Amino acid sequence: MRKKVIAGNWKMNKLPNEAIAFIEELVPLVKNTKNEVVLCVPYTDLFYSLLVAQNTNIKIGAQNMHWEEKGAYTGEVSAEMLKSIGVEYVIIGHSERRQYFAETDETVNKKLKKALKVGLKPIVCVGETLEQRESGKTIEIITKQTKLALEGLSNEEVEKTIIAYEPIWAIGTGKTATADDANSAIHEIRNEISKIYGQNVANGVIIQYGGSVKSANAKELFSMPDIDGGLVGGASLDATEFSNIVNYEK
Ligand code: 13P
């Protein structure tokens, strides 16, 4: 049985004092869940968040990293740096980074390899634009992104990689993919993984859905057989709302 992983992506939101207050509020609300609870916070919130989340079931992640260990890369943060302070998860290749910061399938692949080598748990994002969807290219785009992201990984590494299917037209728009559409897209991603790495590996890979997930639609989405939880943006900024997503079975 694959675990459901419910991860918040705060994007560029919350100062350290707000992060601390949020986590203090969230702790009692999610303490009984069997789902994995992750908060991917801005770099400046990482240390504070790790301290407050210590000895709780809340895991802390970053939203990006560089693939080199160190060197002349002004403004970048390495996987080793994240690992050294106790960060467990890292988002790689979010569509906003692909769109605004020139991330490519190649840099996503380099980052993924490095994250796995250092022992971070990567959440790799794939997803199509509205234009690609309307021209019937969704499956082609997301299977290609998946294949290129995973290129050169061992079976064990693929099994440790979390994929988030985030259709770009559903991010921050209030438009959610229907549970059936999201499930069938994710099924195709799993199918692609199975073609390259075998059915056993594919069956073990956690694949989330992201794009306007909220407490009102979480149950329908996360009850689908191929959807293993979610990557949540806007709705992860409110502790009560996020806890209702984590506790979606109730
Ligand atoms: P929203 O939940 O705000 O649509 O954002 C989704 C997302 O981009 C999570 O990474």
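When reading the values below, keep in mind they use all heavy atoms of this one structure, side chains included, and skip hydrogens, waters and symmetry mates. The residues of the chain are indexed from 1 along the displayed sequence. Everything numeric in this text was worked out from a predicted model, so none of it was measured. Whatever order the structure lists them in is the order used to number ligands and atoms, beginning at 1.
Distances between N or O atoms of Glu96 and those of ligand 1 include no value under 3.5 Å.
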Could you go step by step and tell me if Lys137 and Glu128 meet the salt bridge (charged side-chain N to carboxylate O under 4.0 Å, His left out) rule?
-> CA-CA 8 Å; Lys137 295 209 175 104; Glu128 81 287 1; over 6 Å; no
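Once rounded to the nearest 0.5 Å, the distance linking CD of Glu156 with CD of Glu159 reads 6.5 Å. For the atom pair Lys250 NZ and Lys219 NZ, the distance stands at 12.0 Å (nearest 0.5 Å).
Between Ile60 and Leu39, some side-chain heavy-atom pair lies under the 4.5 Å cut-off.
Using a 30° and 60° split on the angle between ring planes, Phe242 and Phe22 fall in the tilted class, from 30° to 60°.
Close contacts of ligand 1 with Asn9, meaning ligand atoms under 4.0 Å from a residue heavy atom, involve 9 (C), 10 (O). Counting atoms of ligand 1 from 1 in the listed order, those under 4.0 Å from a heavy atom of Ser212 are 1 (P), 2 (O), 4 (O). Of all the atoms in ligand 1, the ones that sit under 4.0 Å from a non-hydrogen atom of Gly233 are 1 (P), 2 (O), 3 (O), 5 (O), 6 (C), 9 (C). With ligand atoms numbered from 1 in the order given, ligand 1 contributes 9 (C), 10 (O) to contacts under 4.0 Å with heavy atoms of Leu231. Using a 4.0 Å cut-off to heavy atoms of Ile171, the atoms of ligand 1 that qualify are 4 (O), 5 (O), 6 (C), 8 (O).
In terms of protein heavy-atom proximity, atom 7 (C) of ligand 1 is nearest to Glu166 OE2, 3.1 Å. When hydrogens are left out, the protein atom nearest atom 5 (O) of ligand 1 is Lys11 NZ, 3.3 Å; that is the closest non-hydrogen contact. The protein heavy-atom contact nearest to atom 3 (O) of ligand 1 is Gly234 N, 2.8 Å.
Other residues, nucleotides and ligands place more than 12 heavy atoms under 6.0 Å from the CD atom of Glu241.
Contact between Gly172 and ligand 1 is present, with at least one heavy atom of the residue lying under 4.0 Å from the ligand. The closest approach between Gly211 and ligand 1 falls below 4.0 Å for a heavy atom of the residue.
At a heavy-atom cutoff of 4.0 Å, ligand 1 is contacted by the backbone of Ala170 but not by its side chain.
Among Thr178, Ile207, Leu221, Ile227, the one residue that satisfies the side-chain contact (heavy atoms from CB on, under 4.5 Å) test with Asn183 is Ile227. Checked against Lys111 for a salt bridge (Lys or Arg N to Asp or Glu O under 4.0 Å), the options Glu106, Glu103, Glu76 give a single hit: Glu103.
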